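Report on one structure; see the data block that follows.
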Amino acid sequence: MDRAARWVSSFALLLTIAFLLLPIVVVIPVSFTEAPIFAFPPEGFSLQWYAKIRNVDGLLGALALSAQIAALSTGIALLLGTLAAIALVKGQVPGSAAITAFMVSPLMLPGLVLGIALLQALREVGLRDAWWSLLLAHVVITMPFVMRTVLASLALFDFAMVDAARTLGCSYARALLRVLVPNILPGFISGALFAFIASFDNYPVSMFLVDVRTKTLPIQLLNYLEISPDPTLAAVSTLLILLTVLVLFLCDRLVGLRRMAAL
Amino acid sequence: MSATALTAPPRRPDGLTLLVLPALAFLGVVFLLPLLLLLWSSIRGPGGFSLNGYARVLGDAYYLQVMLQSLQLGLITTGGALLLGYPAAFALARARGYAQVVLFALIFLPLTVSIIVKSFGWGIVLRRDGILNWAMENLGLIERPVRMIFTEGALYAGMINVFLPFMVLPIFSVVRMMDTRLPDAAATLGASPWFRFTRVTLPLSLPGVVAGVSITFSLAVSAYVTPSLLMGDRFMTMSMVMAKAFLNLRDWQLGAAMATVLLAVAITVVVGAAWLQKRLATPRGS
């Protein structure tokens with residue numbers, strides 16, 4: 001490539017990264033301010049907003065609910081999705097391409113449309129319980145992430161290797177455990193991680209299904225931002241960012257980031 | 001060639017096929033059925049069948065403007081993301097070893113940070129006493145703080161900020177696999193830089209562009225959180241009208257009709273992108 005084109009593209013990459021990180025990074029200094037506003041540069045240094053997190057009504061409950069729903073829905077999606085992926089890759093499923101497209105399609109659907117459709121349908125059958133509504137909805141949200149990665153890693157796996165292991169004296173169970181599992185594990189982990197994040201962060205679907213007492217973290221955060229915007233929100237955000245960085249770092253150690261993104 | 005050789009052998013369901021059923025049944029009941037019900041309720045008025053919802057959505061100047069505004073938001077966001085993301089993806093693909101992993105992680109990280117946190121941070125950047133006004137004042141570019149928040153420019157910048165990774169990553173994954181010897185070969189054969197780009201590099205990268213554009217556009221056109229946080233009621237999108245119709249107005253037919261329009265836009269984008277990808281995959285002249 002030409003020198004000018006190289007310069008332009010390198011500059012675009014740096015600009016992209018700086019631009020992407022700007023709204024994330026600014027949250028951190030603001031969380032340590034002494035003043036009760038978001039002004040920049042922040043005044044002084046204090047940890048008072050971190051101490052106030054405990055007093056925010058419903059925040060810890062919302063965090064627990066979000067983690068619970070995300071973990072459960074990811075688990076259910078992994079179970080259903082893996083069974084389906086095995087059938088689609090190894091079995092003789094009629095119309096398997098159409099079925100795969102259908103199972104991944106919630107990903108391309110506007111979130112609010114799914115939320116509204118579910119709200120209406122659940123009202124119709126008389127399910128008004130927010131916890132169960134959220135769980136059902138989040139399984140639909142997480143399924144495409146699991147399906148995509150598990151299907152991809154199963155499709156890449158050469159099942160003749162299981163036969164080879166058995167020829168070499170492994171039992172069938174042992175062959176699956178020692179050959180199949182290590183090969184598709186990265187796909188599992190990255191699929192589960194994406195699914196968890198998609199559920200944990202979801203706003204447009206959840207907003208129709210929560211009730212006064214059962215609120216997920218994004219809903220609670222936005223509520224708080226609208227009612228009493230103070231730097232407590234910056235402190236919570238900073239902790240969430242820290243958590244994300246930690247998870248990403250762990251994933252890089254476990255799976256390798258580039259492998260994760262090559263969805 | 002006989003006609004039978006062109007069709008795949010008929011697939012006979014076996015025992016493994018049954019494993020697909022739980023997931024299929026679940027999505028059928030919790031995903032497909034609610035969508036069909038939504039379509040049904042968009043044509044169901046208080047007194048039976050009625051197209052009143054569509055008549056209002058498509059006949060009212062206000063709702064037409066909302067639709068145009070959403071499309072405009074989608075197009076500008078996609079265009080801006082493409083302009084910045086396309087060259088950035090090439091630089092990312094060119095980076096080697098550890099540098100590539102770090103650069104990649106920096107683009108990937110914002111995807112995993114909550115959209116609420118990002119929109120909140122964007123507000124801090126743009127406030128009258130925010131970082132951007134502070135920086136411009138200290139650089140002597142402006143004398144008094146400029147109002148940026150709640151302007152359309154701020155909205156577009158915030159939207160591009162949220163959706164840019166969805167543009168960069170698909171293009172990157174295609175460019176990474178590109179044979180870099182091809183533009184070099186074209187150069188050896190005497191092709192000018194412009195000719196090399198338009199006839200070799202650009203066509204090879206198009207599958208990534210189609211993927212990035214379709215994802216970014218469908219996310220941006222149906223965006224809810226970012227526009228409502230950065231603009232509020234000043235800039236209504238289709239999603240915001242839907243939410244209002246269902247949560248505040250309790251006008252389900254209006255909301256369902258708007259949802260159907262948005263669904264139609266999303267399906268058009270998905271089908272159009274799939275068709276384009278197929279055309280790109282078949283070599284020309286064959």
Side-chain angles (χ1 to χ4, degrees), chain A residues 1-2 8-10 12-13 15-17 19-24 26-27 30 38-41 80-81 83-84 86-88 90-94 99 103 106 108-110 112-113 116-118 120-121 124 136 140 143 197 201 203-204 218 221-222 225 233 237 240-241 244 248 257-258 261-262, chain B residues 11-14 16-17 19-20 22-23 26-27 30-31 33-35 37-38 41 84 87-88 90-92 101 104-110 112-118 120-122 124-125 127 129-131 134 161 164 169 173 193 218 222 224-225 239 242-243 246 255 259 262-263 266 270:
Chain A
M1 210 191 287
D2 293 293
V8 169
S9 59
S10 299
L13 180 62
L15 196 65
T16 296
I17 290 175
F19 178 54
L20 285 178
L21 292 183
L22 180 64
I24 299 171
V26 288
V27 170
V30 168
F38 304 123
F40 200 92
L80 294 178
L83 290 179
I86 290 173
L88 288 168
K90 278 292 283 179
Q92 303 281 311
V93 183
I99 291 178
M103 287 183 168
M108 295 304 282
L109 194 74
L112 266 90
V113 174
I116 286 171
L118 271 167
Q120 206 182 7
E124 207 84 14
L136 288 175
V140 177
M143 190 84 87
I197 292 174
D201 263 359
Y203 187 91
L221 282 180
L222 204 64
L225 182 63
L233 211 61
S237 299
L240 283 176
I241 293 166
T244 319
L248 273 189
L257 268 189
R258 262 185 300 181
Chain B
R11 297 189 118 188
R12 281 178 170 280
D14 57 6
L16 272 177
T17 303
L19 294 180
V20 82
F26 182 88
L27 286 182
V30 186
F31 173 59
L33 223 56
L35 281 184
L37 193 69
L38 183 71
S41 70
L84 189 56
F90 276 81
L92 184 61
V101 177
F104 178 85
L106 290 177
I107 290 182
F108 190 74
L109 172 77
T112 58
V113 171
S114 165
I115 189 163
I116 311 277
V117 172
K118 271 185 286 186
F120 166 62
W122 198 243
I124 296 180
V125 171
R127 286 168 63 90
D129 50 8
I131 186 167
W134 173 77
N161 187 283
L164 187 53
L169 294 176
S173 66
S218 31
S222 58
Y224 176 81
V225 176
S239 289
M242 266 159 57
F246 273 88
L262 191 55
L263 194 61
V270 171

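Here is how names work: the chains are called A, B, and so on, in the same order as the sequence lines, proteins then strands, and each is numbered from 1. Model, not experiment: these values are computed from the prediction.
Residue contact with chain A, scored on non-hydrogen atoms closer than 4.5 Å, involves the backbone and the side chain of Ile107(B) alike. For Val225(B), the part sitting under 4.5 Å from any heavy atom of chain A is the side chain, from C-beta outward, and nothing else. If you measure heavy-atom distances from Ile197(A) to chain B, the contacts under 4.5 Å come from the side chain alone. Using a 4.5 Å cut-off between heavy atoms, Leu136(A) contacts chain B through both its backbone and its side chain. Heavy atoms closer than 4.5 Å to chain B are found in the side chain of Tyr203(A), but not in its backbone. Leu92(B) touches chain A through backbone and side chain together, each having a heavy atom under 4.5 Å away. Looking at Val113(A), the atoms closer than 4.5 Å to chain B (heavy atoms on both sides) sit in the backbone and in the side chain alike. Contacts of Ile24(A) with chain B are made by side-chain atoms alone, with heavy-atom separations under 4.5 Å and no backbone atom involved. If you measure heavy-atom distances from Ser218(B) to chain A, the contacts under 4.5 Å come from the side chain alone. Ala266(B) touches chain A through its side chain: at least one heavy atom from C-beta onward sits under 4.5 Å away, while N, CA, C and O do not.
Put simply, CG on Leu106(B) and OG1 on Thr16(A) are 11.5 Å apart, with the number rounded to the nearest 0.5 Å. Rounded to the nearest 0.5 Å, atoms CD (Gln120(A)) and CG (Leu35(B)) are 10.5 Å apart. For the atom pair CG of Asn161(B) and CG of Leu22(A), the computed distance is 7.5 Å after rounding to the nearest 0.5 Å. To the nearest 0.5 Å, atom CZ of residue Phe120(B) and atom CG of residue Leu222(A) are 11.5 Å apart. Once rounded to the nearest 0.5 Å, the distance linking CG of Leu112(A) with CG of Leu262(B) reads 8.0 Å. Between the CG atom of Leu109(B) and the CG atom of Leu20(A) there is a distance of 9.5 Å, given to the nearest 0.5 Å.
Every side-chain contact (heavy atoms from CB on, under 4.5 Å) that Val270(B) has, sequence neighbours left out, goes to Met108(A). Under the side-chain contact (heavy atoms from CB on, under 4.5 Å) criterion, Leu15(A) pairs with Phe11(A), Leu84(B), sequence neighbours left out.
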Between Trp122(B) and Val26(A), is a side chain to side chain contact (heavy atoms under 4.5 Å, CB included) present by the stated rule, with each step listed?
CA-CA 8 Å; Trp122(B) 198 243; Val26(A) 288; over 6 Å; no

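Ranked by heavy-atom pairs under 4.5 Å with chain A, the list Ala259(B), Pro87(B), Ser239(B) is led by Pro87(B). Interface summary for chain B: among Pro204(A), Pro110(A), Ala121(A), the most heavy-atom pairs under 4.5 angstrom belong to Pro110(A). The candidate with the highest count of non-hydrogen atom pairs below 4.5 Å against chain A, out of Ile131(B), Leu33(B), Val125(B), is Ile131(B). When Ser222(B), Ser114(B), Ser41(B) are compared by the number of non-hydrogen pairs under 4.5 Å with chain A, Ser114(B) comes out ahead. Between chain B and the residues Ile116(A), Leu221(A), Thr244(A), Ile241(A), the largest count of heavy-atom pairs under 4.5 Å involves Ile116(A).
Contact check for Ile124(B) versus Pro23(A): no side-chain heavy atoms found under the 4.5 Å cut-off. Looking only at side-chain heavy atoms (C-beta outward), Asp201(A) and Ile115(B) stay at 4.5 Å or farther from each other. Using a 4.5 Å heavy-atom cutoff, the side chains of Met103(A) and Val20(B) are in contact. Looking at heavy atoms from C-beta onward, Phe31(B) lies out of side-chain contact with Leu118(A) at the 4.5 angstrom threshold.
The minimum heavy-atom distance linking Pro218(A) with Ile116(B) is given by the pair O-CD1, 3.9 Å.
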